[in-house]
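Just so it is clear, the values below take in all heavy atoms, side chains as well, and ignore hydrogens, waters and symmetry mates. The chains referred to below are lettered A, B, ... by the order of the sequence lines, with proteins before strands, and numbering in each begins at 1.
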There are 2 protein chains.
Amino acid sequence: MSIDVCAGCPVRDRALCRCLNDQERLVLTGLCQRRRVAAGETVMWAGEDSRICANLLSGVLKAVAATADGREQIVGLSYPADFVGEPYAAEIGFTITALTDAELCTFPRRPFERFLEQHARMGNLLLQRTLKALSEARARMLTLARLSAGEKVAELLLDMAVRAGTSAGRPGLEEPVTFELPMTRGHMADVLGMTIETVSRQLTKLKGAGVIVLSGARTVTIVDARGLRRRAVAA
Amino acid sequence: MSIDVCAGCPVRDRALCRCLNDQERLVLTGLCQRRRVAAGETVMWAGEDSRICANLLSGVLKAVAATADGREQIVGLSYPADFVGEPYAAEIGFTITALTDAELCTFPRRPFERFLEQHARMGNLLLQRTLKALSEARARMLTLARLSAGEKVAELLLDMAVRAGTSAGRPGLEEPVTFELPMTRGHMADVLGMTIETVSRQLTKLKGAGVIVLSGARTVTIVDARGLRRRAVAA
DNA sequence: CGAGGCATTGAGTCTGATCAATTTGAGTGG
DNA sequence: CCACTCAAATTGATCAGACTCAATGCCTCG
């Protein structure tokens with residue numbers, strides 16, 4: 001019997017493949033190849049052949065769209081257990097780069113597509129995730145096109161607070177929460193479609209208004225969650 | 001034997017259901033309900049329960065995201081044979097409104113989801129379309145966030161020219177092409193995340209530069225396709 | 001022929017980008 | 001432990017592109 005490479009998988013119960021039984025998983029495992037990438041390293045380049053897809057095991061990746069003259073926009077972030085890549089596309093549309101050290105479980109695209117077609121349950125799961133990603137992308141279009149700089153930054157802070165596992169989201173308990181920003185000002189600017197300077201100024205403004213406290217460049221405390229939510233428009 | 005409601009379907013060979021055999025199609029037909037909507041009428045409202053999905057038979061629909069204070073952004077356009085709606089979502093995320101008179105083949109969401117799960121071939125087709133829509137949404141994020149007003153308008157003109165079936169896209173033959181704009185200046189502004197006035201000024205500028213000719217507000221002739229493409233950055 | 005919605009054009013304003021100079025702070029090595 | 005380094009972040013001054021407000025012109029359809 002072969003060794004179960006999924007045994008110690010950190011996202012075993014959250015990734016796409018969680019819907020497979022042992023036998024099916026063994027088949028998929030046969031296609032899989034583990035890959036480590038260092039922070040800053042690019043996993044796939046826009047324009048090249050779409051040769052692989054992957055499950056993200058650990059770390060954070062960004063998907064970047066760029067113009068010919070070098071303007072960049074982060075169009076998606078991927079976290080552990082997320083699916084990455086562009087099945088059914090001949091060519092990669094967006095450059096995928098690691099923001100932190102990361103680990104991937106990669107599959108050659110064609111065989112993976114065939115596997116999807118033969119395992120409807122997983123295909124359906126990927127469909128659900130893709131639909132959700134589409135909704136998020138569309139919501140972000142509103143942010144990019146119509147929100148002011150202040151609203152954009154407030155919204156992103158709330159997003160990151162929620163993702164960091166704090167309770168700064170909706171409800172009542174309004175205790176201050178502290179967390180680490182998972183990205184630089186530059187990345188924030190790339191996500192929001194603005195410049196580093198403007199992001200910085202907006203953060204300074206929030207600090208001045210007593211809404212947040214900045215302790216070093218990467219640690220934020222949300223003091224007035226209500227005020228922050230009010231500034232974020234809450235589509 | 002029941003009457004085949006798909007017999008005269010205008011998108012029979014392009015819609016999702018083209019992958020079904022006669023028997024499967026009959027089952028789906030049992031769920032389907034035809035619906036006509038007039039230009040300007042809203043098919044589903046953001047925030048309400050996600051109760052139906054649909055195939056678009058004729059006409060053009062827009063999907064709109066909006067802020068609480070009324071700012072709007074068109075996040076997607078749907079054309080005949082496109083799939084519309086948000087399966088696997090409890091709540092509608094984006095208001096869908098008809099830009100022209102339109103006809104839909106609607107399905108109740110839950111039974112449609114069950115059908116999808118039981119007909120992997122169609123599920124896979126929807127997955128492929130959703131992946132493509134996601135790519136397009138992400139590409140549009142770059143446009144919204146990083147292109148100048150002039151670039152946005154040039155890009156949209158090329159898009160519309162291609163969709164109108166002209167040859168203004170990539171290749172060499174640079175003969176002037178004429179077509180009808182399928183939308184108002186207001187809709188163009190809503191798609192591009194700008195104002196009506198700015199759209200109009202950019203069109204005037206293109207006219208002044210001899211790149212296009214405007215014959216009435218809705219008819220455009222692209223005289224210098226090369227120049228237009230150059231202005232559109234061509235991500 | 002008139003009415004009303006679109007579209008164009010103009011003038012002035014403002015937000016966010018750009019250019020430029022410090023400041024901060026995390027990591028290094030003496 | 002302290003300087004040193006280098007990238008990241010902040011802050012300031014200026015500028016430009018797009019928005020706003022306002023007026024006018026143009027089609028389309030009764």
Side-chain angles (χ1 to χ4, degrees), chain A residues 38-40 67 69-73 99-101 142-157 160 180-209 212-220 231 233, chain B residues 38-40 67 69-73 99-101 142-157 160 180-209 212-220 231 233:
Chain A
T67 59
D69 63 343
R71 284 168 283 174
E72 290 193 353
Q73 176 63 37
L99 291 183
T100 65
D101 290 349
L142 176 66
T143 295
L144 290 173
R146 300 299 191 183
L147 297 202
S148 68
E151 292 168 329
K152 286 179 179 180
V153 169
E155 190 180 83
L156 183 59
L157 277 178
M160 293 190 296
E180 293 289 301
L181 296 179
M183 56 182 95
T184 66
R185 300 287 184 276
H187 287 137
M188 291 176 67
D190 283 350
V191 167
L192 297 176
M194 0 193 298
T195 60
I196 293 174
E197 294 94 323
T198 302
V199 171
S200 180
R201 277 185 246 275
Q202 293 300 329
L203 287 172
T204 303
K205 196 179 283 186
L206 287 173
K207 190 173 64 175
I212 61 172
V213 173
L214 295 171
S215 329
R218 290 299 252 287
T219 306
V220 187
R231 279 157 216 260
V233 163
Chain B
T67 59
D69 62 344
R71 284 169 283 174
E72 289 193 354
Q73 175 63 37
L99 291 184
T100 66
D101 290 349
L142 176 66
T143 296
L144 290 173
R146 300 299 190 183
L147 297 202
S148 68
E151 292 168 329
K152 285 179 178 179
V153 169
E155 190 180 82
L156 182 59
L157 277 178
M160 292 191 295
E180 293 287 302
L181 297 179
M183 57 182 95
T184 66
R185 300 287 184 275
H187 287 138
M188 292 175 67
D190 283 350
V191 167
L192 298 176
M194 358 192 301
T195 60
I196 293 175
E197 294 94 323
T198 303
V199 171
S200 181
R201 277 185 246 274
Q202 293 299 330
L203 287 172
T204 303
K205 195 178 286 186
L206 287 172
K207 191 173 62 176
I212 62 172
V213 173
L214 295 171
S215 328
R218 291 299 253 287
T219 307
V220 187
R231 279 158 217 262
V233 163

CD (A/Gln73) and OG1 (B/Thr143) are apart, to the nearest 0.5 Å, by 10.0 Å
Separation of D/dT10 atom C1' from A/Leu203 atom CG, nearest Å, is 11 Å
Could you measure the distance from the NZ atom of B/Lys207 to the CD1 atom of B/Ile212? Nearest 0.5 Å is fine.
8.0 Å
At under 4.0 Å, does any side-chain N or O of B/Ser200 touch on OP1 or OP2 of C/dT9?
no
Would you kindly give the CG-to-C1' distance between B/Leu144 and D/dA18, to the nearest whole Å?
15 Å
Specify the closest pair of heavy atoms between A/Leu214 and A/Leu203, including all atoms of both residues, with the distance to one decimal.
CD1-CB, 4.3 Å
When rounded to whole Å, the CG to P distance for the pair B/Leu181 and C/dA7 reads 9 Å
Side-chain atoms of B/Thr204 come closest, of D/dT10, D/dA9, C/dT8, to C/dT8
Distance check needed: C/dA7 P versus B/Lys207 NZ, whole Å only.
13 Å
Atom CE of B/Met183 to atom C1' of C/dA7: distance rounded to whole Å?
16 Å
Which heavy atom in B/Leu144 sits nearest to a heavy atom in B/Lys152, and how many Å separate them?
O-NZ, 3.4 Å
Are any non-hydrogen side-chain atoms of B/Thr67 and A/Glu151 less than 4.5 angstrom apart?
no
Between N or O atoms, less than 3.5 Å apart, protein on one side and nucleotides 4-6 of chain D on the other: list the pairs.
none

Pairs: protein N or O with nucleotides 28-30 of chain D N or O, under 3.5 Å:
none

Rounded to the Å, how far apart are B/Glu72 CD and D/dC19 P?
16 Å
Taking the axis from the first five pairs and the axis from the last five, what angle separates them in the helix from C/dC1-D/dG30 to C/dG30-D/dC1, rounded to 10 degrees?
30°
Note, B/Val233 side chain near B/Glu155 side chain (heavy atom, < 4.5 Å):
no
Between A/Leu206 (CG) and D/dT11 (P), how many Å, whole number?
13 Å
Shorter than 3.5 Å, N or O on both sides, protein versus nucleotides 14-21 of chain C: list them out with atom names.
residue, atom, partner, partner atom, Å
C/dG16, OP1, A/Ala149, N, 2.8
C/dA17, OP2, A/Thr195, OG1, 3.1
C/dA17, OP2, A/Thr198, OG1, 2.4
C/dT18, O4, A/Arg201, NH2, 3.0
C/dC19, N4, A/Glu197, OE2, 3.1

Would a distance-only check, ignoring hydrogens and angles, find a side-chain to backbone donor-acceptor pair under 3.5 Å from A/Asp101 to A/Ala38?
no
Distance, nearest 0.5 Å, that separates CD of B/Glu180 from CZ of B/Arg218:
8.0 Å
Tell me if a side-chain donor or acceptor on B/Arg146 pairs with a main-chain N or O of A/Arg71 at a distance below 3.5 Å.
no
Shortest non-hydrogen separation from B/Gln202 to B/Ala149 and the atoms involved:
NE2-CB, 3.7 Å
By side-chain contact (heavy atoms from CB on, under 4.5 Å) - contacts of A/Thr195 (at least two apart):
A/Glu197, A/Thr198
Solution key, residues 182-194 of chain A side-chain donor-acceptor pairs under 3.5 Å, sequence neighbours excluded:
residue, atom, partner, partner atom, Å
A/Thr184, OG1, A/Gly186, N, 3.3
A/Thr184, OG1, A/His187, N, 3.1
A/Thr184, OG1, A/His187, ND1, 3.3
A/Arg185, NH1, A/Ala217, O, 3.0
A/Arg185, NH2, A/Ala217, O, 3.0

In whole Å, what is the span from the NZ atom of B/Lys152 to the C1' atom of D/dC19?
12 Å
Any heavy-atom pair between the side chains of A/Leu206 and A/Arg231 that's under 4.5 Å?
yes
